[in-house]
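Nothing here was measured: the structure is a model prediction, and the numbers come from that model.
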Amino acid sequence: PQFLVLLIFGLLTFIFGWRQDYLFITTFSLIPVLFGLTGYLYGPSVAKALSFPILYILLMVPPPLAVLDSITVPMRYGISILVEQILQIFKYPMIRDGLLFKLGGHEIYMGAPCSGFRSLITMISLGIAYVYLNTGSLRKKALLLASIIPLALLGNLVRVLGVCLATYHLNEAAGVKFHDYGGVVIFLVLVFGLMGLDSLLEKLKL
């Protein structure tokens with residue numbers, strides 16, 4: 001009965017979100033619908049076995065725009081301040097005006113994609129799958145899980161630094177090209193970071 005209630009709740013949630021044109025609500029309704037349908041048709045044991053892949057769909061749920069702005073804007077400012085400090089340490093002619101960099105006659109604006117939020121969600125999805133498939137202890141999995149966000153943010157920082165350096169040493173076209181393919185940088189930082197930490201924790205017997 002409880003799974004049938006969950007299924008009906010999910011369907012009603014979907015209808016409400018669809019009628020009100022709320023993408024967040026309609027996407028989120030997939031979770032109770034899938035849980036309720038699986039449990040109702042196949043029983044609680046199957047629903048429990050499929051709980052991870054069903055809950056994994058939460059990462060597909062787009063946050064409301066107000067929430068998105070409240071997250072991405074501070075991330076953009078945080079990254080811009082770090083980039084400014086790092087480049088100034090290495091004596092680059094960097095001047096920052098809010099989200100605008102002035103670097104050696106070039107101007108680089110930290111737009112919304114530079115916040116790294118989309119890449120962060122993608123890397124969190126990848127990292128969670130990696131941790132889930134890992135055969136280590138619960139403590140090891142918790143440490144790997146805790147490292148996902150710092151590694152993804154580090155990868156985004158490297159990407160923005162790469163855009164600035166490519167623009168300064170080469171040209172603006174090179175900076176744009178590096179930006180377009182910068183997601184690979186974040187991916188490599190996260191994957192090799194997780195693998196390295198995994199190997200270290202294995203040696204420490206954690």
Practice prompt. Decide side chain to side chain contact (heavy atoms under 4.5 Å, CB included) for Lys203 and Ser199; before the verdict, give the C-alpha distance in whole Å, the side-chain angles of both, and the deciding distance to 0.1 Å.
Written response: CA-CA 6 Å; Lys203 291 179 180 178; Ser199 178; 4.0 Å; yes
Worksheet entry | CA sep, side-chain torsions, deciding dist, call: Leu103, Thr167, side chain to side chain contact (heavy atoms under 4.5 Å, CB included) | CA-CA 9 Å; Leu103 182 62; Thr167 302; 5.8 Å; no
Practice prompt. Take Gln2 and Leu6 through the side chain to side chain contact (heavy atoms under 4.5 Å, CB included) test and state the conclusion after the steps.
Written response: CA-CA 6 Å; Gln2 65 268 29; Leu6 190 61; over 6 Å; no
Discussion item. Does Lys102 form a side chain to side chain contact (heavy atoms under 4.5 Å, CB included) with Ile108? I'd like the steps, not just the answer.
Written reply: CA-CA 7 Å; Lys102 296 180 180 180; Ile108 304 170; over 6 Å; no
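Ile128 is connected to Leu133 through a chain of hydrophobic side-chain contacts under 4.5 Å among Ile, Leu, Val, Met, Phe, Trp and Tyr, so both are in one cluster. In this structure, Ile89 is a member of the same hydrophobic cluster as Ile79, with clusters built from ILVMFWY side-chain heavy atoms closer than 4.5 Å. In this structure, Phe14 is not a member of the same hydrophobic cluster as Phe16, with clusters built from ILVMFWY side-chain heavy atoms closer than 4.5 Å. Two different hydrophobic clusters hold Tyr77 and Ile95 under the rule that ILVMFWY side chains link at heavy-atom gaps under 4.5 Å. Transitive grouping of hydrophobic side chains (ILVMFWY, heavy atoms separated by less than 4.5 Å) keeps Val5 and Ile8 in distinct clusters.
Between Val191 and Leu126, the closest side-chain pair of non-hydrogen atoms falls below 4.5 Å. Residues Phe101 and Met94 are in side-chain contact: their nearest non-hydrogen atoms beyond the backbone lie under 4.5 Å apart. Using a 4.5 Å heavy-atom threshold, the side chains of Tyr132 and Lys141 count as separate. You'll find the side chain of Tyr130 reaches within 4.5 Å of the side chain of Asp198, heavy atoms only.
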Tabulate below the donor-acceptor pairs under 3.5 Å that side-chain atoms of residues 22-31 make, not counting sequence neighbours, or state none.
| from | atom 1 | to | atom 2 | distance (Å) |
| --- | --- | --- | --- | --- |
| Thr26 | OG1 | Tyr22 | O | 3.2 |
| Thr26 | OG1 | Leu23 | O | 3.0 |
| Thr27 | OG1 | Leu23 | O | 2.8 |
| Ser29 | OG | Thr26 | O | 2.5 |

Which pairs would a plain distance check flag for residues 35-59, meaning a side-chain donor or acceptor within less than 3.5 Å of a matching protein atom at least two apart in sequence or in another chain?
| from | atom 1 | to | atom 2 | distance (Å) |
| --- | --- | --- | --- | --- |
| Thr38 | OG1 | Leu34 | O | 2.7 |
| Ser51 | OG | Lys48 | O | 2.8 |
| Tyr56 | OH | Ser125 | O | 2.5 |

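Heavy-atom minimum distance, Pro32 versus Phe9: CB-CD2, 4.1 Å. Among all heavy-atom pairs drawn from Leu11 and Val33, the shortest one is N-CG2, 3.7 Å. Closest approach of Tyr168 to Gly104, counting heavy atoms only: CE1-CA, 3.8 Å.
Counting heavy atoms of neighbouring residues, nucleotides and ligands inside a 6.0 Å radius, atom CD1 of Ile149 does not exceed 12 of them.
For the side chain to side chain contact (heavy atoms under 4.5 Å, CB included) test, no residue two or more places apart in sequence or in another chain qualifies with Pro150. Listed by chain and number, the residues in a side chain to side chain contact (heavy atoms under 4.5 Å, CB included) with Leu161 are Val83, Ile86, Leu87, Leu157 (sequence neighbours excluded). Remark: Tyr92 pairs with His169 by the side chain to side chain donor-acceptor pair (under 3.5 Å) rule, at least two apart or across chains.
Of the inter-residue distances, the one linking Ser137 atom OG with Leu143 atom CG reads 8.0 Å to the nearest 0.5 angstrom. Of the inter-residue distances, the one linking Arg76 atom CZ with Leu99 atom CG reads 5.0 Å to the nearest 0.5 angstrom. Arg139 CZ to Leu144 CG: the interatomic distance, rounded to the nearest 0.5 Å, is 13.0 Å. To the nearest 0.5 Å, the span separating CG on Leu197 from NZ on Lys140 amounts to 9.0 Å.
Although no hydrogens or angles enter the test, the distance criterion places no donor-acceptor pair under 3.5 Å between the side chain of Asp97 and the main chain of Leu100.
Among residue pairs with one or both ends in residues 79-95, those qualifying as salt bridge (charged side-chain N to carboxylate O under 4.0 Å, His left out) are Glu84-Arg96; sequence neighbours excluded.
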